Amino acid sequence: MCGIIGYTGKEKVRDVILDALELLEYRGYDSAGIAYGEKEGTVSVCKCAGRVADLRKKCGSLGQDATYGIGHTRWATHGGVCDLNAHPHQVGKVTLVHNGIIENYKELTKEYELENELVSETDTEVAAALLNHFYKGNPDEAITKLVGVLKGTFALVMLFADQPGRIFSIRNVSPIVATYSEAGAMLASDVTALCRFTNRYFVVPEYHILELLQDGVRLSTLTGETVEPEYQVADWELNSSEKGAYPFYMEKEIMEQPDAIRATMEGRIVDGFPDFSKDGLPDSVLKNCERICVVACGTAMHAGLIAQSLVKSMLQMHIDVELASEFMYADPVVDEKTLVVAVSQSGETIDTLEALKYAKKKGATCMSILNVKGSSISRESDYVLYTNAGPEIAVASTKAYTTQLTVFYLLVARIAYIRGKMSEDEVKSYIRDFEQVPAAVEQVLANKKQIHLIAKNVITAKDLFMIGRGLDYALLLEGSLKLKEVSYIHSEAYASGELKHGPIALITTDTPVVALITQEKLKQKELSNIKEVRSRGADVVLFIKESLQDPTTKEYETVALPNVRDAFMGIPASVALQLLAYYVSADKGYDVDKPRNLAKVVTVE
Ligand code: M6R
């Protein structure tokens with residue numbers, strides 16, 4: 001969490017930093033700040049609680065002559081949201097921004113008697129004060145001493161008042177990428193912020209000192225050996241992280257899904273078969289494992305639940321789906337015969353990363369399904385399958401989810417084939433049907449006006465239920481998360497058959513119910529459950545596969561979903577639920593892309 005940036009180069013430094021902060025704002029947006037150095041070497045700070053737009057206003061014409069600078073957008077952990085707690089923090093000669101948590105900041109404050117130097121409540125300011133304490137004119141020496149005593153996770157970017165034009169950085173766990181291009185030297189929390197200038201970047205290795213200079217970058221170990229940066233190329237288009245004509249990234253990213261799904265399928269269907277050879281994934285990994293365990297958080301975990309339903313029905317194989325944050329504390333059954341699959345859009349979620357590391361220690365084979373290339377989870381994985389969704393900026397995950405599902409749909413079919421659970425003809429027919437999915441998503445998107453109208457039925461609700469059975473229940477867990485995070489409506493997904501065991505007590509005329517029917521075998525039972533809530537006064541909005549409609553389903557407000565194989569309904573149904581959440585939030589006038597209290601990349605446990 002938190003977005004950090006550093007830049008020195010030919011462009012207008014202050015504007016480069018503010019623009020980059022806007023691109024990084026999805027990582028945290030309760031306060032923002034910049035520090036900039038001018039020719040004579042003075043380092044000035046401008047910061048405030050609020051958004052980058054507020055910071056821009058506050059800065060006014062300040063920093064126009066800056067020649068180098070750093071910036072930060074914050075997601076508060078230690079200390080409330082106020083100007084004083086915003087980064088950068090300045091103590092003595094040091095000015096610093098930080099992403100992560102310094103766990104031993106209280107002990108360090110006491111041990112080094114820093115109390116009188118601190119004005120904020122943050123752990124970060126302790127790092128600034130301590131670095132200043134260690135600094136005797138040699139930045140590398142002071143940084144090495146500092147990281148020798150810090151406990152926790154950190155990406156630190158530092159300026160020293162008597163080292164004009166030089167920007168220093170070091171990290172442990174929390175990410176930093178950097179680049180040097182014609183425009184100058186730049187570092188950021190992620191590659192999105194660099195893409196305006198170049199798609200070449202390198203991941204800064206942990207516990208290495210990075211220095212940005214006007215004419216290059218210097219990377220070295222803590223013992224002073226120079227290291228050549230390992231550049232890679234982001235295949236995201238330079239402008240793909242911009243909103244274009246859409247009012248919000250969430251809408252843009254919902255609309256991009258047909259292409260994102262196609263891009264995820266590309267190269268993974270060969271002669272009508274799912275194929276992961278280009279990903280370097282040998283069949284033996286899929287054939288030899290005895291059990292599968294998915295670890296993930298939030299939306300990515302919900303993708304795992306869909307995989308679970310596929311694995312059970314198509315492979316009759318054991319699969320657990322674990323909340324990554326609970327995983328290692330719950331004595332998981334993981335050994336050398338387990339294939340652990342970490343799912344993550346960002347590849348940086350610390351809970352997922354730690355769960356994967358734990359599984360690795362237990363001897364499991366570790367595979368991950370990720371969107372961001374070169375991310376921390378990718379580096380811990382034995383195998384990586386990328387989703388190719390392109391940058392996802394809105395906090396609410398949309399195209400990352402449907403592309404994660406795409407990978408799972410193909411992966412499970414590959415496993416079914418090599419384990420003899422599906423014949424060649426069955427797999428080919430499965431893939432032929434799956435190839436219809438992007439067009440089905442296009443149909444849902446073409447129907448967005450109707451979904452917008454239906455959104456009016458739930459917009460005033462305080463509480464809402466989403467009900468379904470089997471695969472639909474798993475899909476609604478995600479639909480419900482989407483609605484609650486962007487609209488602040490308390491929404492609960494419930495397995496419809498469970499309602500009568502308690503929660504039906506909450507159903508009143510003020511509690512709308514969103515029902516989902518995409519599975520033919522469950523239709524009649526689901527319709528009975530819908531009747532039960534209707535009899536208790538609930539307004540029902542029904543999302544139903546078109547071919548399952550009949551006169552009895554017409555008595556509800558209905559959104560018809562395109563016909564694809566029942567197993568694949570997960571993708572078009574989710575897109576419809578994403579649109580529902582989006583319109584409720586947008587019509588309520590909320591900042592859809594930046595829901596309160598949330599951040600896109602969750603790097604704290
Ligand atoms: O980057 P990740 O996929 O690991 O993120 C996991 C969750 O934090 C994320 O899916 C979160 O639940 C989204 N805000 C949901 O829309």
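Everything numeric here is computed off the predicted structure, so don't read it as measured data. Whatever order the structure lists them in is the order used to number ligands and atoms, beginning at 1. The analysis underlying the following values was restricted to heavy atoms, covering all of them including side chains, and did not include hydrogens, waters or symmetry mates.
- Side-chain atoms of S491 and S480 include a donor-acceptor pair closer than 3.5 Å.
- Between the side chains of H78 and N85, no donor N or O sits under 3.5 Å from an acceptor N or O.
- The closest approach between H302 and ligand 1 stays at or above 4.0 Å for every heavy atom of the residue.
- Residue T349 holds the heavy atom nearest to atom 4 (O) of ligand 1 of all those in T349, D351, T398.
- Heavy-atom separations between T352 and ligand 1 are all 4.0 Å or longer.
- Between the side chains of E478 and S574, no donor-acceptor pair is found at a separation under 3.5 Å.
- Of all protein heavy atoms, the one closest to atom 1 (O) of ligand 1 is S346 OG, 2.6 Å.
- In terms of protein heavy atoms, atom 8 (O) of ligand 1 is closest to V602 CG2, 3.9 Å.
- You'll find the ring centres of Y488 and Y590 inside the 6.0 Å limit.
- Scanning the protein for heavy atoms near atom 3 (O) of ligand 1, the closest one is Q345 N, 2.6 Å.
- For ligand 1, the atoms lying closer than 4.0 Å to a non-hydrogen atom of K482 are 15 (C), 16 (O).
- Annotation: H98 is not in aromatic contact with F154 [ring centroid separation under 6.0 Å not met].
- Under 4.0 Å from ligand 1, the heavy atoms of E485 that appear belong solely to its side chain.
- At the top of the distance list for atom 9 (C) of ligand 1, counting protein heavy atoms only, stands T299 N, 4.1 Å.
- Taking the centre and axis of the six-membered ring of Y386, the NZ or CZ atom of K373 falls inside the cone set by 45° and 6.0 Å.
- S381 and S368 are linked by a side-chain donor-acceptor pair at a separation below 3.5 angstrom, with hydrogens and angles left out of the test.
- Looking from atom 13 (C) of ligand 1 to the surrounding protein, the closest heavy atom is V395 O, 3.7 Å.
- Among pairs with a residue in residues 305-315, none fulfils side-chain hydrogen bond (donor to acceptor under 3.5 Å, both in side chains), at least two apart in sequence or across chains.
- At a 3.5 angstrom cut-off on N or O pairs, K600 does not count as close to ligand 1.
- Protein heavy atom nearest atom 6 (C) of ligand 1, with residue, atom name and distance: C297 O, 3.4 Å.
- For ligand 1, the atoms lying closer than 4.0 Å to a non-hydrogen atom of A396 are 16 (O).
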